[in-house]
Visitor: 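One structure, as structure tokens, below. Some questions next.
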Amino acid sequence: MANLIELFDYKTSQNITGTKDDARLDSLIASVSQLVKTYCGNSIVDFYSTAADGEAANNTKTETLSINWASNIVQLTETPLVAVHSVKERESLNLDYKTLEVNKDYYVDTATDSIYRVNSNGTSKNWPNGPGAVQVLYNAGYASCPEDLKLAVIDLVTYYHKDEHKARQTIAGASIQNQGSTSQRNNVAFPDHIKRVLDLYKNF
């Protein structure tokens with residue numbers, strides 16, 4: 001999967017011209033990119049495509065959703081929604097999926113990254129209940145990492161590169177005590193200024 005920033009982005013932002021730390025920075029960029037995606041519950045760039053509905057690209061997301069109560073809506077994991085290529089449902093585990101028709105059997109709400117089950121006249125209808133009852137093939141995300149999120153990723157790479165996550169460091173025999181990274185009580189988390197940006201892209 002794609003990293004959220006490139007080594008060039010990081011070195012340019014930090015005014016680094018040397019190459020001695022490139023291997024470590026490459027590794028940190030990959031790790032931090034995955035950490036941010038995991039924290040946000042959103043792949044950000046991995047499933048983006050400009051392909052139109054019905055023209056699924058190679059990097060589509062297939063999401064299978066279980067429905068445990070009466071509901072006419074499913075919320076997709078990846079955001080923002082770019083295109084829905086197919087929606088399928090099944091009444092039970094021993095039945096095959098049935099492909100639904102857009103604006104006849106379902107409605108796509110790009111404002112909330114949701115899919116509503118409807119009747120042909122547009123009235124609400126519930127999805128079938130059960131494990132893996134709904135399957136959606138779609139693209140979502142961004143063509144590249146948004147600039148504000150890129151800044152947070154860069155800061156987070158620096159946070160780990162300079163070992164700022166460690167409460168105490170010993171350098172040349174001297175002990176350095178880092179300030180706590182967060183003002184939130186009992187929360188050993190990202191620094192506040194980084195977390196504020198990550199939360200803008202987090203799926204809750």
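We're numbering straight along the sequence, starting at 1.
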Visitor: Given side-chain contact (heavy atoms from CB on, under 4.5 Å), test L198 with L149 step by step and report yes or no.
Guide: CA-CA 7 Å; L198 298 186; L149 183 58; 3.6 Å; yes

Visitor: Of all heavy-atom pairs between R117 and L100, which one has the smallest distance, and what is that distance?
Guide: NE-CD1, 3.8 Å

Visitor: Quick one: pull up CG in L7 and OG in S27 and give me the separation to the nearest 0.5 Å.
Guide: 11.5 Å

Visitor: Restricting to non-hydrogen atoms, name the atom on I44 and the atom on K37 that form the minimum distance, rounded to 0.1 Å.
Guide: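 Nearest heavy atoms, I44 then K37: CG1-CG, 4.5 Å.
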
Visitor: Please assess F8 against T12 for the test side-chain contact (heavy atoms from CB on, under 4.5 Å), listing each intermediate value before the final yes or no.
Guide: CA-CA 6 Å; F8 173 80; T12 299; 3.5 Å; yes

Visitor: Establish whether V108 and F47 are linked, either directly or via other cluster members, by ILVMFWY side-chain heavy-atom contacts under 4.5 Å.
Guide: no

Visitor: Transitively linked via ILVMFWY side-chain contacts under 4.5 Å: V45 with L200?
Guide: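 Looking at the clustering, L200 is in the same group as V45.
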
Visitor: What's the spacing between D26 CG and S31 OG if we round to 0.5 Å?
Guide: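 That separation rounds to 10.5 Å.
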
Visitor: Indicate whether the side chain of Y107 and that of N72 have a donor and an acceptor atom separated by less than 3.5 Å.
Guide: no

Visitor: Supply the atom-to-atom distance S144 OG to E6 CD, rounded to the nearest 0.5 angstrom.
Guide: 10.5 Å

Visitor: Would you mind telling me which of T60, T62, N139 makes a side-chain hydrogen bond (donor to acceptor under 3.5 Å, both in side chains) with H85?
Guide: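 For H85, the side-chain hydrogen bond (donor to acceptor under 3.5 Å, both in side chains) test succeeds with only one of T60, T62, N139, which is N139.
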
Visitor: Taking all non-hydrogen atoms of both residues, which atom of T64 and which atom of Y97 are closest, and how far apart?
Guide: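 Reported closest heavy-atom pair: CG2-OH, 3.7 Å.
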
Visitor: Could you report the tightest heavy-atom contact between N119 and S124, atom names first, then the distance?
Guide: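 Where N119 meets S124 most closely, the heavy atoms are ND2-O, 3.4 Å.
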
Visitor: Taking atom types as modelled, find out whether D109 and S114 have a side-chain donor-acceptor pair closer than 3.5 angstrom.
Guide: no

Visitor: Between K11 and D22, is the closest basic N to carboxylate O distance under 4.0 Å?
Guide: yes

Visitor: Please name the residue in the list V36, L35, I29 that meets the side chain to side chain contact (heavy atoms under 4.5 Å, CB included) test with S33.
Guide: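 With S33 as partner, side chain to side chain contact (heavy atoms under 4.5 Å, CB included) holds for just one option, I29.
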
Visitor: Would I194 end up clustered with L151 when hydrophobic side chains under 4.5 Å apart are linked, directly or stepwise?
Guide: no

Visitor: Do any N or O atoms from the side chain of K202 and from the backbone of Y39 form a donor-acceptor pair under 3.5 angstrom?
Guide: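 Indeed, once roles are kept as given, a pair shorter than 3.5 Å links the two residues.
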
Visitor: From K61 NZ over to D46 CG, what is the distance, rounded to the nearest 0.5 angstrom?
Guide: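 Separation between the atoms: 9.5 Å.
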
Visitor: What's the shortest heavy-atom distance between I154 and S13, and which atoms?
Guide: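 So the minimum-distance heavy-atom pair works out to CG2-OG, 3.3 Å.
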
Visitor: Going through the checks in order, is the side-chain contact (heavy atoms from CB on, under 4.5 Å) test met by T79 and N203?
Guide: CA-CA 8 Å; T79 63; N203 287 334; 3.8 Å; yes

Visitor: So, do W69 and W127 sit near enough that their side-chain heavy atoms are less than 4.5 Å apart?
Guide: no

Visitor: Spell out, as yes or no, whether a donor-acceptor pair under 3.5 Å connects the side chain of D9 to the backbone of I5.
Guide: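 No, the answer is negative, given that no donor and acceptor are paired below the 3.5 Å cut-off.
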
Visitor: Can you tell me how far CG of L95 sits from CD of E89, rounded to the nearest 0.5 angstrom?
Guide: 11.0 Å

Visitor: Can you confirm whether I67 sits close enough to V134 that some side-chain heavy atom of one is under 4.5 Å from a side-chain heavy atom of the other?
Guide: yes

Visitor: Is any side-chain heavy atom of D155 closer than 4.5 Å to one of H193?
Guide: yes

Visitor: How close do V87 and V84 get, counting heavy atoms only, and between which atoms?
Guide: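 Here V87 and V84 meet closest at CG2-CG1, 3.7 Å.
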
Visitor: Does NZ belonging to K104 count more than 12 external heavy atoms closer than 6.0 Å?
Guide: no

Visitor: Does a side chain donor of either Y10 or T158 reach within less than 3.5 Å of an acceptor in the other side chain?
Guide: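 A donor-acceptor contact under 3.5 Å links the two side chains.
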
Visitor: With a 4.5 Å cut-off on side-chain heavy-atom distances among I, L, V, M, F, W and Y, is there a chain of contacts connecting L81 to I73?
Guide: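 Hydrophobic grouping puts L81 apart from I73.
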
Visitor: Side-chain contact, heavy-atom cut-off 4.5 Å: T77 with E63?
Guide: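 Side-chain contact under 4.5 Å: yes.
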
Visitor: Can you find a heavy atom in the side chain of L65 that is under 4.5 Å from one in the side chain of V136?
Guide: yes

Visitor: Between atom CG of D192 and atom CG of D199, what is the distance when rounded to the nearest 0.5 Å?
Guide: 10.0 Å

Visitor: Quick one: are L25 and H161 in side-chain contact, heavy atoms under 4.5 Å?
Guide: yes

Visitor: Given the rule in the salt bridge (Lys or Arg N to Asp or Glu O under 4.0 Å) test, do K98 and E91 qualify, once you have shown the distances and angles that lead to the verdict?
Guide: CA-CA 9 Å; K98 173 187 175 183; E91 298 292 338; over 6 Å; no

Visitor: Run N129 and N68 through side-chain contact (heavy atoms from CB on, under 4.5 Å) and show every step you take.
Guide: CA-CA 6 Å; N129 282 6; N68 300 317; over 6 Å; no

Visitor: Is the closest side-chain donor-acceptor distance between Y138 and E78 under 3.5 Å?
Guide: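 No.
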
Visitor: For residues Y159 and Y201: do they belong to one hydrophobic cluster (side chain heavy atoms under 4.5 Å, members Ile, Leu, Val, Met, Phe, Trp, Tyr)?
Guide: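 Hydrophobic grouping puts Y159 with Y201.
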
